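Below is one structure, written out as structure tokens; comments come after it.
Note that the structure is predicted; figures quoted are calculated from it, not measured. Hydrogens, waters and symmetry mates are skipped; everything else that's a heavy atom, side chains included, is used.
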Amino acid sequence: MATRVDLPRGTPSAESYERFLAGIVSAGEVLHLAVLSTEKRDLAPLLAGFYRLAASRNGWLAHGSGHGQVDHDRALLAEHGLEVAALQARGQMVLGELDLTADPARWAEEWRIALATRQADDGFDALWFSRFPVPPLDAFLPYDQAFAQCFAGHRAVGLCTYVPGTAAYERSRVATTVDRIHDVVLLG
């Protein structure tokens with residue numbers, strides 16, 4: 001069962017989320033996080049803070065976007081203070097479309113191999129992966145599971161995002177599911 005932690009209330013900035021996450025993610029720790037948010041729009045500063053923390057810890061940042069959403073995600077992260085262009089220019093961040101037709105185990109293994117290459121070539125310490133929610137809500141669960149299994153014992157931090165809405169039943173159902181495959185569930 002995952003540890004559950006409440007997200008800061010109000011409208012935190014990327015900087016405040018970076019500080020908040022620094023208290024949860026120890027340096028060098030392998031960690032699989034999930035966030036349950038009531039609104040997708042609340043996730044942009046959280047993801048920007050997550051990637052800011054990753055960059056400060058010499059992480060290799062990977063952001064998965066939905067079909068046709070790479071430019072939108074790039075702009076949204078930049079709007080919240082993440083220096084996306086600079087991170088991409090120095091090879092520290094990649095943004096790409098998620099292929100939800102790929103075999104989840106193969107998808108995760110490709111990220112593990114890419115990280116090994118980046119560690120050898122560029123000296124990055126760990127993969128820090130996240131994404132905005134991908135509809136339908138459960139579409140990414142097999143990939144989250146594959147990520148957790150593939151990166152067990154490897155240096156990686158994953159932040160999986162879910163927006164189950166405000167209905168108590170749906171939030172409870174999703175929380176129960178993500179509890180089984182994540183170390184920490186952030187509740188918003």
Side-chain angles (χ1 to χ4, degrees), residues 7-8 11-22 24-25 31-102 104 107-108 110-112 114-115 118 122 124 126-148 151 156-165 174 178 182 184-186 188:
L7 287 171
T11 53
S13 64
E15 294 83 7
S16 63
Y17 274 131
E18 180 182 1
R19 287 188 302 274
F20 168 76
L21 290 168
I24 294 172
V25 182
L31 194 61
H32 199 198
L33 308 164
V35 61
L36 299 181
S37 179
T38 56
E39 297 287 338
K40 183 178 178 181
R41 71 174 181 267
D42 295 340
L43 295 174
L46 175 65
L47 290 179
F50 174 77
Y51 290 131
R52 288 168 55 103
L53 179 61
S56 76
R57 293 188 176 172
N58 195 37
W60 180 47
L61 293 57
H63 179 80
S65 297
H67 181 69
Q69 295 296 304
V70 172
D71 290 336
H72 176 264
D73 289 0
R74 182 182 293 113
L76 197 54
L77 292 168
E79 178 184 317
H80 286 278
L82 185 66
E83 296 178 357
V84 178
L87 290 165
Q88 286 184 290
R90 66 177 175 257
Q92 192 171 5
M93 183 174 200
V94 295
L95 286 90
E97 285 188 13
L98 296 168
D99 178 5
L100 297 182
T101 64
W107 171 85
E110 288 172 1
W111 279 112
R112 194 190 59 71
L115 171 63
R118 299 305 293 217
D122 301 312
F124 294 122
L127 171 66
W128 291 61
F129 176 85
S130 193
R131 60 180 168 71
F132 282 102
V134 178
L137 185 62
D138 296 337
F140 211 75
L141 281 172
Y143 297 88
D144 288 348
Q145 285 181 296
F147 182 92
F151 279 93
V157 180
L159 175 61
C160 306
T161 58
Y162 299 92
V163 181
V174 173
V178 300
H182 295 88
V184 177
V185 176
L186 306 172

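With contacts defined as side-chain heavy-atom distances shorter than 4.5 Å, the pair L47/L82 does not qualify. In this structure, the side chains of L98 and Y143 stay at 4.5 Å or more apart for every pair of heavy atoms. Between L33 and V25, some side-chain heavy-atom pair lies under the 4.5 Å cut-off. Residues L95 and D71 are not in side-chain contact: their nearest non-hydrogen atoms beyond the backbone lie 4.5 Å or more apart. Residues L43 and V163 are in side-chain contact: their nearest non-hydrogen atoms beyond the backbone lie under 4.5 Å apart. Residues L7 and D42 form no side-chain contact, since every pair of their non-hydrogen atoms from C-beta on lies 4.5 Å or further apart.
Between D99 atom CG and H67 atom NE2 the span is 11.0 Å, to the nearest 0.5 Å. Put simply, CG on L77 and NE2 on H63 are 5.5 Å apart, with the number rounded to the nearest 0.5 Å. Interatomic distance, CG of L31 versus CD1 of I24, reported as 8.5 Å (0.5 Å rounding).
Exactly one residue among W60, F50, F147 makes a ring pair (Phe, Tyr, Trp, His ring centres under 6.0 Å) with W128. That residue is F50.
P8 is linked by a side-chain contact (heavy atoms from CB on, under 4.5 Å) to P12, Y17, F20, counting only residues two or more places apart in sequence or in another chain.
At distances below 3.5 Å, at least one donor-acceptor pair connects side-chain atoms of R131 with backbone N or O atoms of T161. Using modelled atom types, one side-chain atom of Q92 and one backbone atom of G59 make a donor-acceptor pair closer than 3.5 Å. With hydrogens and angles disregarded, a donor-acceptor distance shorter than 3.5 Å links the side chain of E97 to the backbone of G68. Between the side chain of Y51 and the backbone N or O of V84, no donor-acceptor pair lies under 3.5 Å.
A148 approaches H32 most closely through the heavy-atom pair CB-ND1, 3.3 Å. Minimum interatomic distance between H80 and A44 (heavy atoms only, all atoms of both residues): CD2-CB, 3.4 Å.
Ring geometry for W107 versus F129: interplanar angle over 60°, hence perpendicular rather than tilted (30 to 60°).
Shown here is Q145, whose CD atom has more than 12 heavy atoms of other residues, nucleotides or ligands within 6.0 Å.
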